[in-house]
Amino acid sequence: MMSGNWLWIHFCAAYVFTGAVCYLLYHENKVITLKRIACFYASRPQAHQFTILVRGIPVQAGSSFSESIEQFFTEYHPLTYLSHTVVRQTSKLQQLMNTAEKLYGTVDQLKSEERTSQGPQRLGLFGNKDRHLRTLEKKLEVTEDSMRTEQSSLNKKDVPAAFVSFTSRYGAATATHIQQGVNPTEWVTEQAPEPDDVYWPFFSASYIRIWICKLVVYVASAVLTVLFLLFVVIVQGLTHLEQLESYFPFLKSILTIAFVSQVITGYLPSLILQLFLSFIPPIMKILSSIQGYISMSEIQKSACNKVVWFTIWNIFFANVLSGTALIQVNVFLEPKKIPTLLAEGVPAQASFFISYVVTSGWTSVSSELFQLVNLIWSLPRRVFSKKVADDLKVSSIPYESEVPRILFFVVLGITYFILAPLILPFLLVYFCMGYLIFRNQLLNVYAPKYETGGKYWSIVHNSTIFSLVLMQIIAIGIFGLKDLPLASSLVIPLPILTLLFNDYCRKRFLPILKGYAAECLIKKDREEQNDPRMTEFLENLTVAYQDPALKPSQYSRNTDRQTSPLLQPTEI
C-alpha cells in the first residue's frame, strides 16, 4: 500500500467500487426477476404449480387419513380443491423392486448370451448357465410375489402426509401461504416440488423429529467447521519455513533448496487444501438430506449455502487469521480491533490466494471441460455392468460444489480490489475460462434434473453483499493503520449504506424469487381456463405424485403370464 495522498485514491476507489457493484446487483436482480416471471408466463401447466404438500394431518378414530383430507379440503376449499394422494411407507416395497431390477437385468443378460451362443449345446458351461438361469427366474418369481403381497398391504401404511391438488395455481398458493388449522403443527402446508424432484424418506417425519434433525445438522456443521479449521492451521504452517524447521529439524537441509522451499510454501498448501475441500460438498449434502427437506433441489440448495459459508470461513478467514486470531483469542471480545486485525492479516495472505486461484481455480475449470473423473469411473462401470444397454448416465451440474467455488473467487476479487489488485488478472483469466467452459457444459453436457427458477441467485446476492461489507471493514482498518483517521471515519457510512441497500433488495426482489404474486397466478389461470387440454392435465394430477414404488412395474418379464393388478398404481 502507498502512503500519503495516494491513499485517498484508494478511499475514492472504495466508494466508486461499492457504487458500481450495488448498481450491477440491482440491475441483475431486476433482470433475473423479470426473466423468472417471463419464464412462468411462457411455461406449460406443471403439476407442482397446482399441488401442495400437507403434513401433520390429524385423524379421528374410525377414519383414515384420506377421509380426513377429503373432509377438510372439501369444507374449507370447496371451489378449488381437486384431489389428493396420500403418502405411504414403501421402503420395503422399494427394496423388493430394486432386487427385482437386479435379477431381471441378470436374467436378461444371460438370455442374450444364450441367443448369441453358437449351436444347441447344453453341456458343461452351458448347462451351468441354464441351471443358474432357472434359479434366477425362480428368485424373480418369488420377489414378484412378495411385491404383490407388500403392495396389497399398503393401505395400512399411510403416513400423515399427502399431496393435495387444486384446480388453479391461485388456489394452491392460497392454501400454501395461509395457516390451515388452529394448531400450527397440524395441516402444515408447503409448495410441492416437481414430481421427479421429490425426496421421499422424510415424509413420515413428525414436526418434532424434523426440528431435532435440523438442530443436529447445525451442531454437526459447526463441529465439522472447527475440525477443518484445525487442519487449515496446520496446512497454513507450510507457508512458514521457520515453523517447519522448528517442528521437523531433520528437514532443515532439504528446505534450504530453493526449488523445494518454493514448492512447499507456494504450491503445496493450496493443493492440499483443495484436495481435502473436495470432500466437503458431499458431506454437506448428506447433512442437508436429513434436515427434513422434501425435494432434492432444496437439499442441493441448502448444501450449496452451507459450503459457501464453510469455504469463506475455513479458506479465507482461517488463512488470514491463523497467525494472529488463534493466538489472540480475546480479539473476538473486542470488536473494535477486528478492522485492524483484518487490515494486518488480509494483505499478508495475498500471495497465498493468488496461488490458490491458479491451483484451485484454473485447474478445476480446466478439469471440468475434460470430465476425467466421470470418464475414469464410467470405464469399470460399463465393463462390469450386467445390463445389456447400459448407456452413460447424463449427470446434472453439481451446484453444491461449483457455485461455492465461483462465489469464493468473487469474494477474493472484491476483498482484494483495493488491497492487492495484482490478484485481479488471475481472477479475470479464471472467469473468462469459466464462462466459456460452463456455457458449453450447460448447453451440451449437463442435463438439468429440475428447474431452479433463479432461486440460487439469493445466495449469489448475499455473498456479494458480504464481500462488499468485508472489503469496507478492511478499508477502515487500513486507513487507521496508515494514520488517516479522517479517511477511516469517512468509510464508516459505506457498510451502513450497503446494508440498507441489501435490505431494500430483499424486500423488492426476494419475494419474487420465493413465489409468484397473485397477479401472475390469476393471469396465468385465466389464460388457460378455456384450454381443452387442461381437463386432461387436471385428471392426471393424481397420478403425478405417486411414489415410484407404486407405479407400474418395469421389471415384469416377457412371458405369457400377465402382470397382476396389484402391481398397478393405487389411486386415491
Side-chain angles (χ1 to χ4, degrees), residues 47-91 154-166 169-195 197-222 286-299 301-303 305-306 455 510-511 514-515 542 545-547 572:
H48 68 279
Q49 298 173 351
F50 295 81
T51 307
I52 68 171
L53 172 67
V54 183
R55 290 196 278 192
I57 302 172
V59 61
Q60 297 178 354
S63 62
S64 63
F65 289 116
S66 181
E67 293 171 347
S68 297
I69 297 168
E70 184 80 26
Q71 180 182 357
F72 182 87
F73 284 94
T74 301
E75 181 177 356
Y76 297 109
H77 299 270
L79 300 179
T80 56
Y81 169 70
L82 177 64
S83 61
H84 67 272
T85 303
V86 177
V87 180
R88 294 167 176 171
Q89 292 180 349
T90 59
S91 56
L154 284 179
N155 289 331
K156 302 178 182 179
K157 297 184 177 181
D158 293 347
V159 298
F163 289 101
V164 180
S165 300
F166 295 81
R169 298 176 179 85
Y170 181 73
T174 302
T176 302
H177 298 292
I178 297 179
Q179 183 176 317
Q180 299 299 311
V182 177
N183 186 346
T185 62
E186 296 179 349
W187 301 106
V188 180
T189 60
E190 58 183 296
Q191 187 69 37
E194 298 178 20
D197 187 30
V198 177
Y199 182 70
W200 296 100
F202 255 87
F203 277 85
S204 59
S206 63
Y207 183 86
I208 299 299
R209 181 188 171 191
I210 293 175
W211 181 83
I212 294 175
C213 288
K214 287 183 178 180
L215 181 62
V216 171
V217 168
Y218 292 145
V219 173
S221 300
I286 293 174
L287 292 177
S288 298
S289 66
I290 62 175
Q291 273 189 263
Y293 293 112
I294 61 165
S295 65
M296 291 301 301
S297 58
E298 289 294 328
I299 291 174
K301 182 182 176 183
S302 176
N305 203 25
K306 289 182 178 66
K455 292 183 178 180
L510 187 60
K514 289 184 175 181
T542 304
Y545 286 94
Q546 288 283 355
D547 192 303
I572 300 174

A.B. asks: Of the non-hydrogen atoms in Val198 and Pro193, which two are nearest, and what is the gap between them?
C.D. replies: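 Reported closest heavy-atom pair: CG2-CG, 3.8 Å.
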
A.B. asks: Yes or no on side chain to side chain contact (heavy atoms under 4.5 Å, CB included) for Val86 and Ile69, after CA distance, side-chain angles and deciding distance?
C.D. replies: CA-CA 9 Å; Val86 177; Ile69 297 168; 4.1 Å; yes

A.B. asks: What residues, two or more places apart in sequence or in another chain, satisfy ring pair (Phe, Tyr, Trp, His ring centres under 6.0 Å) together with Tyr199?
C.D. replies: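 None.
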
A.B. asks: For a 4.5 angstrom cut-off between non-hydrogen side-chain atoms, does Leu53 reach Ile294?
C.D. replies: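 The answer is yes; the side chains approach within 4.5 Å.
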
A.B. asks: Are a donor atom and an acceptor atom from the side chains of Ser295 and Ser297 found within less than 3.5 Å of each other?
C.D. replies: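 Note: Ser295 and Ser297 side chains meet the donor-acceptor criterion.
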
A.B. asks: With heavy-atom distances below 4.5 Å as the criterion, would you say the side chains of Leu82 and Phe50 are in contact?
C.D. replies: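 No - every pair of side-chain heavy atoms lies 4.5 Å or more apart.
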
A.B. asks: Within a radius of less than 6.0 Å around CD of Gln179, do more than 12 heavy atoms belonging to other residues, nucleotides or ligands occur?
C.D. replies: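 Yes, enclosed.
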
A.B. asks: Quick check for you: to the nearest 0.5 Å, what is the distance between Thr185 atom OG1 and Trp211 atom CH2?
C.D. replies: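 One gets 14.0 Å once the value is rounded to the nearest 0.5 Å.
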
A.B. asks: How far apart are the closest heavy atoms of Ile52 and Ala172, and which atoms are they?
C.D. replies: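 Of all heavy-atom pairs spanning Ile52 and Ala172, the closest is CG2-O, 3.4 Å.
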
A.B. asks: Output the distance between atom CD (Glu186) and atom CD (Gln180), rounded to the nearest 0.5 Å.
C.D. replies: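 Answer rounded to 0.5 Å: 12.5 Å.
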
A.B. asks: Got His77 and Phe166 here, is their nearest side-chain heavy-atom distance under 4.5 Å?
C.D. replies: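 Yes, their side chains come closer than 4.5 Å.
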
A.B. asks: Is the backbone of Ala175 close enough, under 3.5 Å, to the side chain of Thr189 for a donor and an acceptor to pair up by distance?
C.D. replies: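 Yes, Thr189 side chain to Ala175 backbone: donor-acceptor pair under 3.5 Å.
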
A.B. asks: Under a 3.5 Å distance rule, please check whether Glu75 uses its side chain to pair with a backbone N or O of Glu70 as donor and acceptor.
C.D. replies: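 A pair under 3.5 Å: no.
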
A.B. asks: Which residues satisfy the side chain to side chain donor-acceptor pair (under 3.5 Å) test with Glu190, sequence neighbours excluded?
C.D. replies: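 Arg55.
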
A.B. asks: First locate atom CG of Leu287, then atom SG of Cys213, and finally report the distance between them rounded to the nearest 0.5 Å.
C.D. replies: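 Rounded to the nearest 0.5 Å, the CG-SG separation comes out at 11.5 Å.
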
A.B. asks: Is the ring pair Trp187/Phe72 parallel, tilted or perpendicular, if the boundaries are 30 and 60 degrees?
C.D. replies: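 Aromatic pair Trp187/Phe72 classed parallel.
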
A.B. asks: List the residues meeting ring pair (Phe, Tyr, Trp, His ring centres under 6.0 Å) with His48, not counting sequence neighbours, and say none if there are none.
C.D. replies: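 Ring pair (Phe, Tyr, Trp, His ring centres under 6.0 Å) check on His48 returns nothing, list empty.
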
A.B. asks: Can you list everything that forms a side-chain contact (heavy atoms from CB on, under 4.5 Å) with Ile290? Sequence neighbours excluded, please.
C.D. replies: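 Result, side-chain contact (heavy atoms from CB on, under 4.5 Å) vs Ile290: Phe202, Val217.
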
A.B. asks: Are side-chain heavy atoms of Val87 and Trp200 found at a separation under 4.5 Å?
C.D. replies: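 Yes - at least one pair of side-chain heavy atoms lies under 4.5 Å apart.
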
A.B. asks: Mind checking the OG-NZ spacing from Ser288 to Lys301? Nearest 0.5 Å is all I need.
C.D. replies: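 These two atoms lie 12.0 Å from each other.
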
A.B. asks: Excluding sequence neighbours, so at least two apart, what forms ring pair (Phe, Tyr, Trp, His ring centres under 6.0 Å) with Tyr170?
C.D. replies: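 Tyr170: no ring pair (Phe, Tyr, Trp, His ring centres under 6.0 Å) contacts found.
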
A.B. asks: For Gln291, check side chain to side chain donor-acceptor pair (under 3.5 Å) against everything at least two apart and list the hits.
C.D. replies: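 Scan of Gln291 (side chain to side chain donor-acceptor pair (under 3.5 Å), adjacent residues dropped) gives Ser302, Lys306.
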
